[in-house]
Peer 1: 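Quick one: the structure is below, questions incoming.
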Amino acid sequence: MEAIKEPIKISDSEWEVMRVIWTLGQSNAKEVTDLLSTNKNWKAATVKTLLGRLVKKGVLQPESQGKKFIYTPLVSEEATVRSATENLFSHICAQKVGQTITEMITEAELTAADMAMLRDALDNKQPVAEIACNCIPGQCQCKVHTHDSFKVKENKR
Ligand SMILES: [Zn+2]
Ligand SMILES: [Zn+2]
């Protein structure tokens, strides 16, 4: 596992740009615009704005080459996807992660190879005895929180 870093947070539009640059290795505004203008109907100015934001976020490294810039990714696609998944799970109760993953598996289209990979991952996973709720009181209805809020009301009387 990698050390915990700042989460990589990019918008859906920025993600579209990054996918092109990850695929090409590095790219410039014209190339990205040419590829995305057909399907997305994005103008050069839109792409330039998005590239600028990605540079500000430390996701892209610009390098001037004559009159234009060449952009190189500073984060990998895998790390960005992982960060987005961690971000999703940070919005739900730790106790609901298993249920959420199960729903994701149920919804996903999977090949036999994908399913073998999932079974392997499960077989090699060590279960934990218990998962503590990590929610702020009022954000979930687990036993602890329902009980706690009940106690607070009792004490007030
Ligand atoms: Zn919770
Ligand atoms: Zn709770």
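Residues: numbered from 1 along the sequence shown. Order of listing sets the numbers, starting from 1, for every ligand and every atom in it. Just so you know, these numbers come straight off a predicted model, no measurement behind them.
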Peer 1: Tell me the closest heavy-atom pair linking Thr100 and Lys96, and the distance in Å.
Peer 2: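 Smallest heavy-atom distance, with atoms named: OG1-O, 2.7 Å.
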Peer 1: Please output the side-chain donor-acceptor pairs of residues 108-122 that fall under 3.5 Å, not counting sequence neighbours, one pair per line with the distance.
Peer 2:
| residue | atom | partner | partner atom | Å |
| --- | --- | --- | --- | --- |
| Thr111 | OG1 | Ala113 | N | 3.4 |
| Thr111 | OG1 | Asp114 | N | 3.0 |
| Thr111 | OG1 | Asp114 | OD2 | 3.1 |
| Asp114 | OD2 | Thr111 | N | 3.0 |

Peer 1: Below 2.8 Å, which protein N, O or S atoms neighbour the Zn ion (ligand 2), ignoring water?
Peer 2: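 N, O, S partners closer than 2.8 Å: Cys133 SG, Cys140 SG, Cys142 SG, His145 ND1.
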Peer 1: Go through the structure and list residues passing salt bridge (Lys or Arg N to Asp or Glu O under 4.0 Å) with Glu16, not counting sequence neighbours.
Peer 2: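 Scan of Glu16 (salt bridge (Lys or Arg N to Asp or Glu O under 4.0 Å), adjacent residues dropped) gives Lys40.
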Peer 1: Who pairs with Lys68 by side chain to side chain contact (heavy atoms under 4.5 Å, CB included), at least two apart in sequence or on another chain?
Peer 2: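 For Lys68, the residues satisfying side chain to side chain contact (heavy atoms under 4.5 Å, CB included) (neighbours in sequence not counted) are Asn28.
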Peer 1: Would a distance-only check, ignoring hydrogens and angles, find a side-chain to backbone donor-acceptor pair under 3.5 Å from Thr23 to Arg19?
Peer 2: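 Yes, because the side chain of Thr23 sits within donor-acceptor range (under 3.5 Å) of the backbone of Arg19.
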Peer 1: Could you check whether any side-chain N or O of Gln95 sits under 3.5 Å from a backbone N or O of Ile131, counting only pairs where one atom can act as donor and the other as acceptor?
Peer 2: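 Answer holds: yes.
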